[in-house]
Amino acid sequence: MELVRKPIHYVREGKRTFDQFYLDEDYNVPDAKEDVQRIIQGTAEVKTEDIRLVENYVRIAGKVFFRILYVTSSVDPKPAVLEGKLPFEEMVYTENGEEDSFFIQNVRTEFSSSVVNSRKLSLRVMVELEIGRERLEDEETTVDVESDIPVYKKMKKINLLKVAVTRKDTYRIKEEITLPGTKESIGQILLSEVEIRKLDIRAGLDELLLRGELLVFCMYLSGEEKPDWITQTVPYEGRISCDGVTEDMYYYVQPALEDTLVDIRMDEDGEMRILGIEGTLGLRMNIYEEEEMEILEDMYSLEKQCVFQTREAVYEELLMQNQSKCRVTERLELPELKDNVLQILHSRGSIQTEHVQNTSEGIQVEGILHVSFLYMRADDMEPYGSWQGMIPFSYLIECGGMTDNVCSNMAYHVEQLLVTLAGSEAVEIKAVLAFDTFVRKTVPVEVITEAEMQPINMEEMDQRPGIVGHIVQQGEDLWSLAKKYMTTVEGIMEVNGLQDESTKSGDKLLIFKENMSIL
């Protein structure tokens, strides 16, 4: 007797950890930069360079890259930018992670800076990140049995979700923006920001298809040192080779835009009116396929006794792969803006999830939309200002069939953000928050691990009655009765004139031993 086994690849996820840490540093203005009179705004981005397990801690090392837009204290004040980086090393406690791989997702930063004196700034960064952990495992599943002796088998159909491809890859984005005729030619870039907006990922044959948009903001000085700016969405399309992927597969992809660059390029007329846009889209991918398969649940023989052992294995079924959007609209009264704001130049937003809970209707997300914007005002001495604040939101990602044995992955970003003036002291904020959700349900199954044939106790068999009248009890079926009374399902159906295997509690059946002649 030999069991037929089939390996199932799956990703076992560990508990995710949320971490928050702060960096406080003094920053000396480089000699090549002019004195600082007033800070307009600052931004910061995290780049993780190394993540590894050190004893019972996850060591995360990297740098925080910051940009500060300020007004110079020269005779003719003008905007200028300071850029720098702050190294960090964070140790996060964890348990039993020797075989796991760790990764970072859903990173958010808050950055503030203040003037100590014209040549020194005080910087403070708050970094909030989510640390995930997973391992790729194989689960041996018994799908059949081979035996020289006839064996009656009970099979169970399950629809498994198994990992087909797991990998990390990058896609290099290279696009250009040509300045409209109303804009001045570029002399020097002051400040540039490139952010992910829309991103649509589709599985193809041996590839993943990407289609998305970047939002590019660039503030610059013209050749005559006149400040100007441009905000534009940049569409892109591409593909990543991924052997083994088919169009009907499911996937969970975590994107991250890194190493962005905005540079000045010359147009056909020899003028500096083109912006080159580059960035690296990092993708962490788990790609799954569904397989309907039968596993061996039970067995017996009429000639010998089947003795087997089982253990509990946990598989997964797909519950939902979903891309949904939450719309946020808010009007804010901001007396601090007073009545001298002329125009909103650029806005940016980030999502902070405060509470995520599985409910019977779906996944309930409570969070905060952090918003900041740069504006121009009617003041020649202080022409620029910035504001930042928070908007709470609540969103239900609808998903039927939610139970306690559900696990989910969720990535999110701000897909659209529009801030407009709504009077002298108010703004209206409209945002679209995109949530990519991958929900799976765990399915515990008893798997046969070992089996052998043993001789039947003939004395015990002889003592069993040849004919039994049986009243079906709750939870019994023809299979369990056939095994109990050493006969076959077909034999019970034939004796009782049944057309199918369905029974209900209270049914009366006549059961014969299989080796007994039926007269």
Side-chain angles (χ1 to χ4, degrees), residues 1-14 134-147 150-166 203 244-252 285-301 306-322 358 360 362-363 398-409 437-452 474-484 488-490 500-504:
M1 176 181 237
E2 184 177 351
L3 297 177
V4 179
R5 295 183 172 92
K6 183 176 181 179
I8 301 296
H9 305 288
Y10 71 102
V11 173
R12 183 184 296 276
E13 294 190 6
E134 63 184 25
R135 72 177 72 169
L136 185 63
E137 292 191 348
D138 287 336
E139 187 73 75
E140 287 284 346
T141 305
T142 301
V143 296
D144 205 348
V145 62
E146 295 177 350
S147 174
V151 174
Y152 296 91
K153 299 174 286 188
K154 184 179 181 181
M155 310 300 292
K156 180 177 181 178
K157 286 187 177 181
I158 55 176
N159 202 21
L160 295 183
L161 188 69
K162 62 180 185 178
V163 174
V165 178
T166 178
V245 174
T246 59
E247 297 177 356
D248 58 348
M249 287 185 176
Y250 302 93
Y251 51 87
Y252 175 68
M285 304 174 287
N286 285 337
I287 303 173
Y288 302 83
E289 62 180 327
E290 279 188 310
E291 180 179 353
E292 185 175 342
M293 61 184 296
E294 290 187 332
I295 65 172
L296 183 62
E297 184 178 20
D298 199 356
M299 58 182 171
Y300 70 95
S301 172
C306 290
V307 179
F308 56 86
Q309 297 179 357
T310 65
R311 66 175 175 82
E312 184 181 88
V314 179
Y315 300 102
E316 291 183 332
E317 291 182 355
L318 177 66
L319 200 57
M320 180 183 71
Q321 177 181 316
N322 177 264
N358 292 342
S360 58
I363 302 174
E398 296 182 1
C399 179
M402 295 289 287
T403 56
D404 294 337
N405 60 336
V406 165
C407 56
S408 62
N409 299 94
T437 313
F438 195 81
V439 185
R440 307 173 311 285
K441 178 174 67 175
T442 58
V443 181
V445 176
E446 288 293 325
V447 175
I448 296 176
T449 56
E450 296 180 12
E452 64 175 346
Q474 186 71 32
E476 290 183 331
D477 58 12
L478 292 190
W479 166 269
S480 61
L481 295 177
K483 182 179 180 181
K484 178 179 179 179
T488 65
V489 171
E490 292 78 10
D500 54 50
E501 297 184 22
S502 60
T503 60
K504 62 181 183 298

Hey, what do you get for [atom1] ([X]) to [atom2] ([Y]), rounding to the nearest 0.5 Å?
X	Y	atom1	atom2	value
Lys153	Tyr300	NZ	OH	12.5 Å
Lys441	Cys399	NZ	SG	10.0 Å
Thr442	Glu317	OG1	CD	9.5 Å
Asn159	Tyr315	CG	OH	13.5 Å
Leu161	Ile8	CG	CD1	10.5 Å
Asp144	Ile295	CG	CD1	12.0 Å

Donor-acceptor contact present, side-chain Ser301 to main-chain Pro150, <3.5 Å: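 It does hold such a pair.
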
Test item: Thr449 side-chain N/O and Gln309 main-chain N/O as donor-acceptor pair under 3.5 Å: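 Yes, Thr449 side chain to Gln309 backbone: donor-acceptor pair under 3.5 Å.
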
With Lys6, the salt bridge (Lys or Arg N to Asp or Glu O under 4.0 Å) member among Glu294, Glu291, Glu140: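 It is Glu291, the one option of Glu294, Glu291, Glu140 that forms the salt bridge (Lys or Arg N to Asp or Glu O under 4.0 Å) with Lys6.
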
Step-by-step side chain to side chain contact (heavy atoms under 4.5 Å, CB included) determination, Tyr10 to Tyr288: CA-CA 9 Å; Tyr10 71 102; Tyr288 302 83; over 6 Å; no

Please tell me if the side chains of [X] and [Y] come closer than 4.5 Å, counting only heavy atoms from C-beta onward.
X	Y	value
Glu13	Asn409	yes
Glu316	Cys407	yes
Ile363	Val439	yes
Cys306	Met1	yes
Val165	Val245	yes

Nearest heavy atoms of [X] and [Y], plus distance in Å:
X	Y	value
Val145	Leu3	CG2-CD2, 4.0 Å
Phe438	Tyr251	CD1-O, 3.4 Å
Gly362	Met402	CA-CG, 3.9 Å
Gln321	Leu318	N-CD1, 4.4 Å

Exceeds 12 heavy-atom contacts within 6.0 angstrom, atom CD of Glu398: no

Salt bridge present between Glu297 and Lys483 (N-O < 4.0 angstrom):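 No, no charged N to carboxylate O under 4.0 Å.
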
Full working for side chain to side chain contact (heavy atoms under 4.5 Å, CB included) between Glu476 and Thr503: CA-CA 8 Å; Glu476 290 183 331; Thr503 60; over 6 Å; no

Residue pair Thr246, Glu289: steps toward the side chain to side chain contact (heavy atoms under 4.5 Å, CB included) verdict: CA-CA 9 Å; Thr246 59; Glu289 62 180 327; 5.9 Å; no

Salt bridge (charged side-chain N to carboxylate O under 4.0 Å, His left out) evaluation trace for Arg311 with Glu139: CA-CA 12 Å; Arg311 66 175 175 82; Glu139 187 73 75; 2.6 Å; yes

Evaluation steps, side chain to side chain contact (heavy atoms under 4.5 Å, CB included), between Lys162 and Met293: CA-CA 12 Å; Lys162 62 180 185 178; Met293 61 184 296; over 6 Å; no

